[in-house]
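Since the structure comes first, as structure tokens, the remarks are kept for the end.
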Amino acid sequence: MVQEEVARAPGTNAPVASATGLEGRVVTFIKPFLLLLILSLAGFWGLFLLDLLVDPPLDERPTFSGLFQFAPPAVEAGELVGVVAAILGIVVTVVSIVVQLSASRFSGITRMFLRDSVNLWVVGYYVFTCVLGLWVSVGFLGGYMPKLTFLVMLSLDTIAIVLMVPYFGYVFAFLDPKNVIRTILGEALRAARQPGRRPDEIDKAKTQVVRAMEELTDIANGSIAGRDKIIASAAVDALAELVLGYLERKPKDDAWYRIDGDLAKNPDFVALDPESLVDLERKRLWLEWKVMRNYLGVYNEGLSGMKDVDYLIAIDTRYIGEAAARASDRELVSLVYRFLNSYLRATLNARDVRTAYNVLNQYRLLVESLVRLGCGEEALEGLSHMIYYGHVSFDMKLTFVTETVAHDVASVCQLAHAQALAVESTMLDRFLDLDRPLREGSQEQALVGVRRAQVKLAAYYLSRGEHGRAERIADDLRGEPEARLEGIFSGLRKATSREFWEITDRGRNFEYMPEAERAELDRFIALTRRSAHP
């Protein structure tokens, strides 16, 4: 079985697949096996040669022939059968206990264990050796010594003994949670990319993929409950890798995209509105929707148990959105927005400002990626959603979230201008609408934060020779109290360090302006005063 390992693509943070799971475990299994076998045989032959040299036979003819006489009085074939049977009992006992313990933590372990080729071959080897030994022992009843058969049996017993410890190491590696996750991911990717052609093959592949998604989701939720961030993160990454690998080679058969059979019986699809089911079929997005629907469930678990996992979910959802944009799949980009919006809604309802701050960072990075790819309409859609949640957070008196939205939207507007995006002017108009509900609510901190972001954007425009756009912002500032504006200008002048004085993932100080833009503050102040006194 080819396993999939979640890694990181060079130059990016996006997960990519690499086939290293089973191969790596087999290599670590074979090396100790060969080493123990060689050392055991070398030890015997070394001691035997030493005996021949130190204490030769009475006929003074050092020879190996006596070793292979296998005289019946000196040999009991039944003992060889007993040895391998005892080893088989130990192996079955230890493996059963370990697999049972893992199965209580991760669903599907028993199925994966019984389908693994190495496990089947090793158990089959022990059974074969036991049966062969039984029949070899019968061959001794008449006093006949089948020397070749006995020599083969002796070799098989030797291998059985040496094999036991390396095989235990292989089983423990196989049941390592990260390897379990890679195994589930590898099986799901193969089923999603090559579901077959017959209707029964396609239905079976759909069932396998959905089962893999739910197993990974169970691992993530269970790890959150057990405070195991490493395993939870690996499961979340695996779900993203499933979608990214699937997007690289989606099936062409229309039957794959129909929500019917066992797929239609899945609770997530049963609960979905019939019109939404039709839309998913038409847009060919049931797999992507199912993964992000599972993400939403894990996200809600993480809000109360492990918020770092929520940040990772936002990162991986961004990766899916960027991959969709590169594939020109506008419907999937919109679906990604819907789930990012759902993350934000759940976060704001929990009044978790820190997580909202982190999720908005990924939202902004996604919109900026769309700007760089020239996806103007999609970027404008994302920016509009961000502004909406800026208003929602203001209504909920989460003023820092509103300020974060303002600075993120200003950053997108700057990039859109630098990329000469056609919708850049519309983005500016919507940004200037962000403060209007705030003025009516008169929450000073949020309003100052939004105005600060608008002033920074105006200074950027002036540094790029865009006088008209800077005047639009100055006109929007008309009517602001002089004391408020002076406080904003003063704070922007004093912020000379790009780095914030606390550790944040963004690593930026909202008040910081590059020197070229800070130098334009006086010109902008003049524009605001002219706007205030026409």
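Position 1 is the first residue of the sequence, and the numbers go up from there.
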Got a donor-acceptor contact below 3.5 angstrom from the [X] side chain to the [Y] backbone?
X	Y	result
Tyr311	Gln362	no
Arg193	Gly245	yes
Glu424	Leu421	no
Ser393	Gly390	yes
Tyr295	Ala240	yes
Tyr246	Glu288	no

Calculate, to the nearest 0.5 Å, the distance between atoms [atom1] and [atom2] belonging to [X] and [Y] respectively.
X	Y	atom1	atom2	value
Glu214	Ile184	CD	CD1	11.5 Å
Leu373	Arg326	CG	CZ	7.5 Å
Tyr167	Phe172	OH	CZ	10.5 Å
Gln414	Gln419	CD	CD	12.5 Å
Phe113	Thr183	CZ	OG1	12.0 Å
Asn300	Tyr343	CG	OH	10.0 Å

message: Applying the side-chain hydrogen bond (donor to acceptor under 3.5 Å, both in side chains) criterion to Tyr299, which one of Thr317, Thr347, Asp310 satisfies it?
response: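 Running side-chain hydrogen bond (donor to acceptor under 3.5 Å, both in side chains) over Thr317, Thr347, Asp310 with Tyr299 returns exactly one hit, Thr347.
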query: When Asn266 is tested against each of Arg211, Lys206, Lys290 for side-chain hydrogen bond (donor to acceptor under 3.5 Å, both in side chains), which residue passes?
result: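 When side-chain hydrogen bond (donor to acceptor under 3.5 Å, both in side chains) is applied between Asn266 and each of Arg211, Lys206, Lys290, only Lys290 qualifies.
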- prompt: Looking at Asp433 and Arg430, does any basic side-chain N land under 4.0 Å from a carboxylate oxygen?
  reply: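 Result for this pair is no, no salt bridge flagged.
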Heavy atoms of other groups near [X] [atom1], more than 12 under 6.0 Å:
X	atom1	result
Lys307	NZ	no
Arg197	CZ	no
Lys250	NZ	yes
Arg351	CZ	yes

Modelled atom types, side-chain donor and acceptor of Glu368 and Ser411, under 3.5 Å: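 Short answer, yes.
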query: For residues Tyr363 and Asn341, is any side-chain donor paired with an opposing acceptor at under 3.5 Å?
result: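 There is such a pair (donor and acceptor under 3.5 Å, judged by atom type) between the side chains of Tyr363 and Asn341.
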Stepwise salt bridge (charged side-chain N to carboxylate O under 4.0 Å, His left out) check, Glu215 with Arg111: CA-CA 12 Å; Glu215 287 173 352; Arg111 174 185 56 82; 3.0 Å; yes
Got [X] and [Y] here, is their nearest side-chain heavy-atom distance under 4.5 Å?
X	Y	result
Val243	Tyr319	no
Leu175	Asn179	no
Ile473	Phe431	no

- prompt: Which atom names give the shortest non-hydrogen contact between Ala238 and Ile181, and what distance separates them?
  reply: CB-CG2, 3.5 Å
- prompt: For Glu331 and Arg284, what are the C-alpha separation, side-chain angles and deciding distance, and is it a salt bridge (charged side-chain N to carboxylate O under 4.0 Å, His left out)?
  reply: CA-CA 9 Å; Glu331 298 288 1; Arg284 300 187 164 201; over 6 Å; no
task: Could you give me the CA-CA distance, side-chain angles and deciding distance for Asp176 and Lys178, then say whether salt bridge (charged side-chain N to carboxylate O under 4.0 Å, His left out) is met?
output: CA-CA 6 Å; Asp176 180 85; Lys178 289 187 178 180; over 6 Å; no
- prompt: Going through the checks in order, is the salt bridge (charged side-chain N to carboxylate O under 4.0 Å, His left out) test met by Asp476 and Arg451?
  reply: CA-CA 10 Å; Asp476 193 71; Arg451 287 307 200 190; 2.7 Å; yes
task: Check the pair Phe339, Ile320 against side chain to side chain contact (heavy atoms under 4.5 Å, CB included), reporting the backbone distance first and the verdict last.
output: CA-CA 11 Å; Phe339 279 98; Ile320 295 172; over 6 Å; no
